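Working notes, structure below.
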There are 2 protein chains.
Amino acid sequence: MARSAAEPLRRAEIVQATIQEIGRTGTLEVTVAQIARRAGVSSALAHHYFGSKEAIFVAAMRHVLALYGAEVRGALAAAEGPRARAEALIRVSFSQSNFRREVIAAWLNFYVLAQTMPEAWRLLDIYRRRLDSNLRHALRPILGDRAAAVAASLGALIDGVYLREALKRTAPDRRGAAALVLGHFEAELARGDGGR
Amino acid sequence: MARSAAEPLRRAEIVQATIQEIGRTGTLEVTVAQIARRAGVSSALAHHYFGSKEAIFVAAMRHVLALYGAEVRGALAAAEGPRARAEALIRVSFSQSNFRREVIAAWLNFYVLAQTMPEAWRLLDIYRRRLDSNLRHALRPILGDRAAAVAASLGALIDGVYLREALKRTAPDRRGAAALVLGHFEAELARGDGGR
DNA sequence: GTGAATTAATTGACGCGTCAATCAAGAAAC
DNA sequence: GTTTCTTGATTGACGCGTCAATTAATTCAC
């Protein structure tokens, strides 16, 4: 059979173009034609591979979430001790590859997409659950019963920082964003007579 | 002239319908016809009064922000002392009228709107600036130099709680949301040897 | 190895639905 | 009887998804 490796390549290009277009416009109101043009293919091909515009968006979400998940695993593997694990989870959220204009814009719009697309909702819910779970796990040894509450707080704060970054005109300030959340973390540690 | 008080009335109805439709669909992808139908008028009338769909959205934003602003002023007026003022600012964000499904959904979508509409961006920027300013003012006497950082953290946390609430299927939990933010506030207070 | 056969990759054109905005005209108020 | 209020009908643009057809790659018979 005539099986070249074109399909996975094209799929990846289209997914990449989708994220960039969402980043450029800041909206989900991008046409399949725009995405296809940026990917250097025809809109018909995009439909051929993904079937629908919604499916293209879902693929883009999966890509972003997968990248994030992979970095999380890497960071956790390298972290020694509960506190380091919690800090690693925070830092990953503001890593070079995740805390970028297009990715931030994509996240914001994925939240909107989740309002109408069950599949998008499911994906975001998985992300949230996993982050909460990871945080609780890391915090339990140092914060005990307060672990759950602090995990929820840190999770919401990370999302909030993303949201606010989406409004800024300037380039994302990874260091500042991470410092803000880490500062919050330290305040909670200090209070709970944390692990110092 | 035939100037009954119809115009302001219709405008208010249309604005209200806009917020409800955004809440129902969770998106800005609502048609003028849908909004008009819910307001009990024709789509032509909506255009007659507002001129464009964008203008309708802006009016809806102004409404939400104005309501929030009014409650903030009321709460600040009633609060005695720096700490009470800060707590009042937090509580207002989760008040009965602000922390509702439709309003939360509207906020989320206003953030998206701000990506493409300068006017929407301006309005959101004013909101953020004012909240930061109010918080810094209240915190300065008890936290000194740390006031700015804690204000930024609290602001982002509030936005993050809104964002996460937008994903939930259940009715908004005002008490829980306020408790989460207030809990973090206390942690910062305890750390900075705050005002007790 | 060459040519026919088979399958994948890719596209241009376009139908069909949708929607924002306009317009011309009727109803109501004063 | 003029002005505001209101609408149904219309339109022009646009975008998703489809389809028939073309091109490129790979296999296989010999």
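Just so it is clear, the structure is predicted and the values come from calculations on it, not from any experiment. By convention in this document, chain letters (A, B, ...) are assigned in the order of the sequence lines, proteins followed by strands, and residues within each chain are numbered from 1.
By the 4.0 Å N-to-carboxylate-O rule, A:R37 lies too far from A:E21 to be salt-bridged with it. Between A:D125 and A:R128, at least one side-chain N (NZ, or NE/NH1/NH2) sits under 4.0 Å from a carboxylate O, which counts as a salt bridge.
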Per-nucleotide protein contact string for nucleotides 21-26 of chain C (B base, S sugar-phosphate only, - none; heavy atom under 4.0 Å): BBB---
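Per the geometry, CZ belonging to B:R37 stands 12 Å off P belonging to C:dA20, to the nearest Å. Regarding A:L45, its CG atom lies at a distance of 14 Å from the C1' atom of D:dT22, rounded to whole Å. Atom CG in A:L9 sits roughly 18 Å away from atom P in C:dA8 (whole-Å rounding). Look at CD on B:E29: it is 14 Å from C1' on D:dC14, rounded to the nearest Å. Rounding to whole angstrom units, CD1 of residue A:I35 and C1' of D:dG17 are separated by 14 Å.
Nearest nucleotide to the side chain of A:Y49, out of C:dC19, C:dT11, C:dA9: C:dA9. Side chain of A:T31, nearest nucleotide from C:dT11, D:dT7, D:dG15: D:dG15.
Residue B:F94 comes nearest to B:A178 through the heavy atom pair CD1-CA, 3.8 Å, listed as atom of the first residue, atom of the second, then distance.
Using bins of under 30°, 30° to 60° and over 60° for the plane-to-plane angle, the ring pair A:H184/B:H184 lands in the parallel bin.
The backbone N or O of B:G26 sits less than 3.5 Å from a side-chain atom of B:N109, completing a donor-acceptor pair.
Within the 4.0 Å cut-off from OP1 or OP2 of C:dT10, at least one side-chain nitrogen or oxygen of A:R10 is found.
The local environment of CD in B:E29 is sparse, with at most 12 non-hydrogen atoms from other residues, nucleotides or ligands closer than 6.0 Å.
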